[in-house]
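Note that ligands are numbered from 1 as they come in the structure, with each ligand's atoms numbered from 1 the same way. What you are looking at is a predicted structure, and each value in this text was computed from that prediction instead of being measured.
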Amino acid sequence: MTEKMTATKAEKIVAVKGMNDILPGESERWEALEERVRALMRRYAFENIRTPIVEPTALFVRGLGEVTDIVEKEMYSFDDRLNGEALTLRPENTAGVVRAVVEHSMLYNGPKRLYYFGPMFRHERPQRGRYRQFHQIGAEALGFSGPEIDAELILMADALWKELGIKDVVLQLNSLGQPMERNLHRTALIQHFESNASVLDAEAYRRLHLNPLRLLDSKNPQMQAVIESAPKLLDFLGEKSKAHLASVMAILDANDVPYVLNPRLVRGMDYYNLTVFEFVTTQLGSQGTICAGGRYDYLIEQIGGKPAPAVGWAMGVERVLELLKEQEGSLQIAPLDAYAVVSEVSDLPRVSAYLQTLRALGVSIQMHASADGAMASIKSQFKKADASGARYVLVFGVDELAQGCVTIKSLRDASQVQQLEPLSQLTQWAEHLQSRA
Ligand code: ATP
Ligand code: MG
């Protein structure tokens, strides 16, 4: 056995299809986006919430609706091997946030503005902009009923596009009204599709009486004409629902945020009512929705909480980053400040203490470290310094240290002369560097 193990090289194990590693080179962009979003959320007074990746399956079945793509086809569900409990890797996080809010009576002292980051899991066909593990940033405002919070959520996403330099995204807006209004529309919708039954695909036919609104969401090209001519929910809205939509639009207008009313926009989950919206681009192929959301006034009650209105959105991080790349937008990734070159092994303890002092002041420093136990030549350390992308190289050479100094040389600006800096002045150098950053 042992012999065989040493003789044959072990087979490589690769990641699950549709689930990606995010490696250095790319991960800096993720971090930069996350930092931008954190700052944005603070400006709008949203607080961070972190919920488990695994939830009881019933949460999604009850929350999202049984006759939805996610629940019917896309969930990673399994039974707990010890107690048989039905569990699911979260396909989205609105239901999880609502579960947590209810479980911890978080609305007891008034409404809450919450946001999250994290991986979601859906068993879909992997393609550009569509993965089996993907990431969402989401914002949920719970306990608010007025249109101003719907609008504020939209303005917040719009502000992020502007800050990132993302262009050419269209805001689509619709109202799904209230359940009573939807009932009337539902009857008309079933009638319409029944009289066009010949063009429905098998899935649409099956869903016709279970969840006819889902038919409007179908991507089947053969069905687009009949979807286009279907009765519009907007025509079934009562005064109150219409006024809610009008107020959202008035706030968007006052902020010069353009939108198009799309009466076909229904979203993929059952929990929405009144305002729904999507930010869509044509630059990512058919995976063009980068952020989507809406109002879900009945979900909290459905998950067992005291009835309370709410609204939220989720954006697809992969799609936002892809679009940024497509548009050559930049995320301003902070460069490494310095690379430390050390000539003698015996100087390492002393040098490390200086580096710690600088790092405590906020300077980022990559210390040269040996791969094989021996200190590399100054020349080869310099090469590494160049390749690191650092702004400065700090040379702790024998001569420098003998004089109580360090040589500081800019790696970016050839016109900047290298300077011999007394070690006692390093703090001032760091402060100067920080003030110019
Ligand atoms: P789509 O119509 O593209 O399937 P969706 O309506 O299922 O999207 P939501 O559940 O509303 O998507 O999720 C919000 C956002 O999360 C989407 O707008 C998209 O940006 C992103 N997203 C959803 N599914 C995936 C996926 N499989 N891979 C990558 N991003 C995704
Ligand atoms: Mg989907």
Tell me the nearest of [options] to [atom], using heavy-atom distances.
| atom | options | result |
| --- | --- | --- |
| atom 5 (P) of ligand 1 | Met269, Arg122, Glu92 | Arg122 |
| atom 25 (C) of ligand 1 | Tyr272, Phe279, Phe134 | Phe134 |
| atom 14 (C) of ligand 1 | Gln136, Gln133, Arg130, His123 | Gln136 |
| atom 8 (O) of ligand 1 | Gln287, Glu124, Arg319, Glu278 | Arg319 |

Tyr115 ring center near Phe46 ring center (under 6.0 Å): no

Near-ring test Trp429/Tyr392, centroid separation under 6.0 angstrom: yes

Atom CZ of Arg412 with >12 non-hydrogen neighbours under 6.0 angstrom: yes

Glu66, CD: over 12 other non-hydrogen atoms inside 6.0 angstrom: no

Does [X] come within less than 4.0 angstrom of ligand 1, counting non-hydrogen atoms of the residue?
| X | value |
| --- | --- |
| Lys219 | yes |
| Glu318 | no |
| Met120 | no |
| Ala314 | yes |

Parallel, tilted or perpendicular, as decided by the 30° and 60° cut-offs, for the rings of Tyr272 and Tyr296: perpendicular

Donor-acceptor pair between [X] and [Y] side chains, under 3.5 angstrom:
| X | Y | answer |
| --- | --- | --- |
| Thr88 | Glu55 | no |
| Gln366 | Ser388 | no |
| Asn93 | Gln136 | no |

Asp69, portion touching ligand 1 at heavy-atom distance under 4.0 Å: neither

Could you list the atoms of ligand 1 found under 4.0 angstrom from a heavy atom of [X]?
| X | answer |
| --- | --- |
| Ile290 | 20 (O) |
| Gly129 | 28 (N), 29 (C), 30 (N) |
| Thr289 | 17 (C), 18 (O), 19 (C), 20 (O) |
| Arg267 | 6 (O), 9 (P), 11 (O) |

Protein contact to atom 28 (N) of ligand 1 [nearest heavy atom, distance to 0.1 Å]: Tyr131 N, 3.0 Å

N/O separation below 3.5 Å, Gly316 to ligand 1: yes

Lys306 side, atom NZ; Leu107 side, atom CG - distance, nearest 0.5 Å: 8.5 Å

Heavy-atom side-chain proximity of Arg36 to Leu164 below 4.5 angstrom: yes

